[in-house]
Amino acid sequence: MTTESKTATAPDPADIPSRFDFETAEKEIYADWMSGGWFHAKPDPDRKPYTIVIPPPNVTGALHLGHALNNTLQDIMIRLKRMQGFNALWMPGTDHAGIATQARVEKRIKDQEGKTRHDLGRTELVRRIFQWKEQYEARILGQLKQMGCSCDWDRTRFTLDDVCARAVRHTFFDLFKKSLIYRGKRLVNWDTYLGTTVSDDEVENKTVQGNFWHFMYPVIDPKPGEPPHVIVATTRPETMLGDTAVAVHPDPAAALSKVESELKAKLKKAAASEIEGIEQQIEALQTRRTEMLASLEQLRDMANDGRMLMLPLMDRPISLVTDVWAKPELGSGCVKITPAHDPNDYEVGKRCSLPMINIMNADGTLNAETGSYQSLTMKQARKKVVGDLEALGLLKEIEDREIEMPVSDRSGTPIEPYLTDQWFVKMDTLAQSAMDVVESEEVKINPQRYTKGYLSWLGEKRDWPISRQLWWGHQIPVWSVPCPTQADCDQMRDKITGLSAFSDEIAAIEVEASSETDPEKRKQLELPDFNLHVCVQDESADLEKALEELGLVREEDVLDTWFSSALWPHSTLGWPDKTAELEYFYPTSALITSRDIITLWVARMVIMGLNNLGQIPFDSVFIHPKILDGNGETMSKSKGNGIDPLDVIDNFGADALRFGMADLTTETQDVRLPVKYECPNEDCKHQIVQTVKNRTLARVQCPKCKQEFSTQWAEKDEDRALPRGPVTSERFEVARNFTNKLWNASRFAMLNLEGYSAAPINEADLTVEDRWILSRLTTVSNNVTTALENYRYAQATRELYDFAWDNFCSFYVEILKDRFANPDLRPHAQRMLVFALDQLLRLLHPVMPFVTEAIWQQLNRFAPTRGLDSAQPASECLIGASWPQLDAKWYSADIETQFARFQSSLGSLREIRSRQNLPPKKEVKFSIRCDQEYAQSLTPMTSYFKSMASAELTGMGPDVLPPETNATVASDGIEMFVDLEGLIDKAAEIKRLEKEEKKAEGNIMGKEKKLSNEKFVSSAPPEIVQRERDSLAQLKEQLATVKASLKKLRG
RNA sequence: GGGCGCUUAGCUCAGUUGGCUAGAGCAUCUCGUUUACACCGAGAGGGUCGGGGGUUCGAGUCCCUCAGCGCCCA
């Protein structure tokens, strides 16, 4: 159709199909927008900028419905602002998503070729991941385009491209120079298979069957009366090789009492089914107190007295310490401490200044610290340790027990807590700056409640670990060399600063003192006293080469993905260069994202924006809901309940997807979206509810027609060969139907535009319904504008839906049918219809860009010139049209009341017709008893009763008398009599009236009660009281009418 | 353990500072193919707003409490 619009064929509205062919139209329209350059924004000092940077989707895989929601909301804002005259830039791009992407590609290579990344080497692996990235980036950007996203594609960035890389190095250098970046030890989640740390949210806890081993550690030189052994229990026996202490509670009696009183409190509130269990626990606790407390206190005293234990197998003396981590209510009450291999023990180690011994290599085997256990795997070591201890008679007991095991969600292997060197960003001052701008509302977070989480997370000011042991990412631009002594260090520094390629502008030096503070131990472990680090600001081949010639080695690790995404709002605009784009479009206007990355991403963008530019990155943040499946679970790739937006687009069109998404975006977070597969068999189309079972399947069999179809998970050729069963949801049906309704209302308009002549609208010709639609249009456009500007998307869609369907289609267009039949009224009616449709299309465009654009261009063929005050040529594309701004004078409460009277009367007529089962064409007569004012206000619309309810008004005014046989409706202070001479179904009418009677009586009772309450009458605002009085009086009149009618009908 | 949400019709959800008889879509039932639309039109039925308590003349809305569900952080 858009292609047609370019050719000069004479338009024939009869050619317009009765359904919107979105499949064809969307492609053509998008191509039109692209070639029209509508998405491209250039700095222009004469216009105000409005900027959004896309939350760059991960190149891990294709987009799902969560992304569809996120991007729809952004596009709505961009299109709205573009129409409002802003110079709107939507900056697109993708994120390299470090570990997620590398893990996926590694897994694929392993599955397909049986090779590991070490077989391929760094360069080759990175090349392979780039291939993957190219493929998915294309898919992702394609999905965005199909959704109608009006991104400035000429500016597309990737977090790992050269422009972003430069921003990363400049930022890193700056922070390094400010001593805000340092290297230090940290216990991390180590994936021994991938050979890297994984973040906490990439760890899954699994409950598995395991054992609890009880060991005896000998006491060194026990005093008389003291036990020769201390018993400890563990689920990880092999870690005992790295034990550096055993802990006992500092006040076991108090700890036991506390637990006991907590249990008792719980018992009081417990459900019947729990009582027995809790009572047993209390009993066990009391037994424990009598049997064990004395010995625990003795151990505590021994610890305070400095008693040592001998760690078996290693023959290493270790301390007995007191710490609250030891739970007197559990096991032996003593706990072994392995600070380098357990997060809790690590904390104990820090509190008690214990040595931390790392016993593991990066590949998960044991290292030299473990002596004869070296190079065993953890599993092998476990067997040997247990066997050896048993041989020594130190294994007391093995207990079966369920244990929580952390598992890497990337590789599926157990996570090892591991103490390694990591790079950190010091957060104290940086975090504070990001807190300040949110507290002052310079950056405003919507909905506001999310500020709390943001502030409390930043308030902890925990340093940010930024190094990742990966190959896919920005390699840390630091070259290091160990310096055994201070002198070596000074010498090296001189050598470096003496390099011809070196300057303070592009390189910075930091010296790191060894974390091993004991000089003896350093000697023993051959650790240098110092490490010297040089950070290089930008790619500088000369300097990098010179450093390497001096023996410095580049850090192998790459940066956390979030380090580069934190720069996104300015790196995409060309920072560190002072580009015209940066100058003009930064700070950006809005950031629209999901709540799970408020801390990971939003907070860090604020930090980096402030650090790098001294300016906030955006004024306003909108956190949108999450989409849950029918079981209330969040959609995710691993669960398989994600939905490909293209499924929805194929089935319902992009506009329906977008409208559906916007309609879900209410203030209340999280929306359930129950989904079904639709059987692709044309004769079947059966809908199959998506369940936990079938949601991950590549092929599903339709229970009705028994034919198989493929799903979005189909990867094998034989699966893909099957017809695709798309995912559907009722939500999109509603939106699709709405699209079609709009299409057909417009079609009606086109069909009635023959002989259209453009001219300003003559105010004298305006009828009540014209004024009404203008008044409604004024209200709706104001409300929609306000709603969208405040991110209340669902409010906007509802307003638009109700207006378009209930006001425009059901009333305005219906009434116009009558007027089109009259040649005198026709030209004005045409102009009004064209104008109203024009405005409606503009209002709907941000939400439903395709169908509105299609209609717009269609309308341009039949009525290219239009307007209210003056008829103007319409813009060629709707995307470039201006946002409606109706003169406030068009709003009229009186007109809306007047029209509401018509609607209410019409409603009553229709109800009676329906109750009386009158055939649609059977004409009835009716009259209305009301005051003069009411009669006058209804008069202009009397003829429409005929066209819209086959009813003829025979009389109206205070003197109207009811016909002999009639149905009476009392409402709104008037009485309507529908003449049912020879037609009446008495029983039906009596039934209706009885219902009315009951309802009125109930309401009257309630109101009388309220009004007889002295306090109400005296305390409530007078207008409220008066309203109640008026309403009561009217109800009483109504009731009287109903009773009279009933009496008459019953004879 | 701490924090933040949610619970309104069979289903999915609206309900802005407390104030007329708590709304919508889908589903259900009745009627209808009048040349924009059956992805349609007309109408109907369906809710003691999770339980309990409080503040108030008045509570779906504010406060407390309990229960269930979800998310985030530890």
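Here is the naming used below: chain letters follow the sequence lines, and residue numbers restart at 1 for every chain.
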Q) Does the side chain of A/Asp1030 pick up a donor-acceptor pair with the side chain of A/Gln1026 at under 3.5 Å? A)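 A/Gln1026 and A/Asp1030 do have a side-chain donor-acceptor pair below 3.5 Å.
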(Q) Give me the distance, rounded to whole Å, that separates B/rU33 from B/rG41 when you measure between the P atoms they each carry. (A)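 That atom pair is separated by 16 Å.
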Q) For atom C1', what is the distance between B/rG18 and B/rC39, given to the nearest Å? A)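 About 41 Å, rounded to a whole number of Å.
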Compare the minimum distances between each of [options] and the side chain of [X], then state the nucleotide with the smallest one.
X: A/Arg910; options: B/rU21, B/rA42, B/rU34; value: B/rA42
X: A/Leu1035; options: B/rC39, B/rU21, B/rA44; value: B/rU21
X: A/Tyr801; options: B/rC73, B/rG25, B/rU21; value: B/rG25
X: A/Lys1007; options: B/rC57, B/rG32, B/rU21; value: B/rU21
X: A/Phe1016; options: B/rC37, B/rC40, B/rC57; value: B/rC57
X: A/Asn1013; options: B/rG19, B/rC39, B/rC57; value: B/rC57
X: A/Arg798; options: B/rA14, B/rG19, B/rA36; value: B/rA14
X: A/Lys921; options: B/rU34, B/rC40, B/rA36; value: B/rU34
X: A/Pro1021; options: B/rC13, B/rG19, B/rC37; value: B/rG19
X: A/Ala1020; options: B/rA36, B/rC40, B/rG19; value: B/rG19

Q: Report which part of the nucleic acid A/Glu814 touches: base, sugar-phosphate, or nothing (heavy-atom distance under 4.0 Å, all strands).
A: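 Answer is base: heavy atoms of A/Glu814 come under 4.0 Å of a base.
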**Q.** Touch class at under 4.0 angstrom, heavy-atom based, for A/Arg915 against every strand present
**A.**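 Sugar-phosphate, no base atom in range.
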Q) Is A/Lys741 close enough and on-axis enough to A/Tyr801, meaning under 6.0 Å and within 45°, for cation-pi? A)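 Not satisfied by the 6.0 Å and 45° rule.
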Figure out the [atom1]/[atom2] separation between [X] and [N], and round it to whole Å.
X: A/Trp805; N: B/rA38; atom1: CH2; atom2: C1'; result: 11 Å
X: A/Phe811; N: B/rG41; atom1: CZ; atom2: P; result: 12 Å
X: A/Met948; N: B/rA36; atom1: CE; atom2: P; result: 14 Å
X: A/Phe738; N: B/rC37; atom1: CZ; atom2: P; result: 18 Å

side-chain N/O [X] vs [N] OP1/OP2, d < 4.0 Å:
X: A/Arg747; N: B/rU35; value: no
X: A/Asn744; N: B/rC40; value: no
X: A/Thr666; N: B/rA14; value: yes
X: A/Lys741; N: B/rG41; value: yes
X: A/Trp743; N: B/rC40; value: no
X: A/Lys452; N: B/rC4; value: yes

Q: Under a 3.5 Å limit for both distances, which nucleotide forms a Watson-Crick or G-U wobble pair with B/rG68, could you say?
A: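 Matched B/rG68 with B/rC6 under the 3.5 Å cut-off.
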Q: Decide salt bridge (Lys or Arg N to Asp or Glu O under 4.0 Å) for A/Glu994 and A/Lys991; before the verdict, give the C-alpha distance in whole Å, the side-chain angles of both, and the deciding distance to 0.1 Å.
A: CA-CA 5 Å; A/Glu994 279 173 342; A/Lys991 203 175 152 198; over 6 Å; no
**Q.** Residues A/Lys999, A/Glu996; criterion salt bridge (Lys or Arg N to Asp or Glu O under 4.0 Å); working and verdict
**A.** CA-CA 5 Å; A/Lys999 204 166 126 191; A/Glu996 292 279 312; 5.1 Å; no
(Q) Would you compute the distance between atom OG1 of A/Thr451 and atom NZ of A/Lys444 and round it to the nearest 0.5 angstrom? (A)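 It comes to 8.5 Å.
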Q) Which residue pairs pass the ring-ring contact (aromatic ring centres under 6.0 Å, His included) test when at least one of the two sits in residues 648-668 of chain A, sequence neighbours left out? A)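 As it turns out, the ring-ring contact (aromatic ring centres under 6.0 Å, His included) pairs with a partner in residues 648-668 of chain A, which skip direct neighbours, are A/Phe659-A/Phe738.
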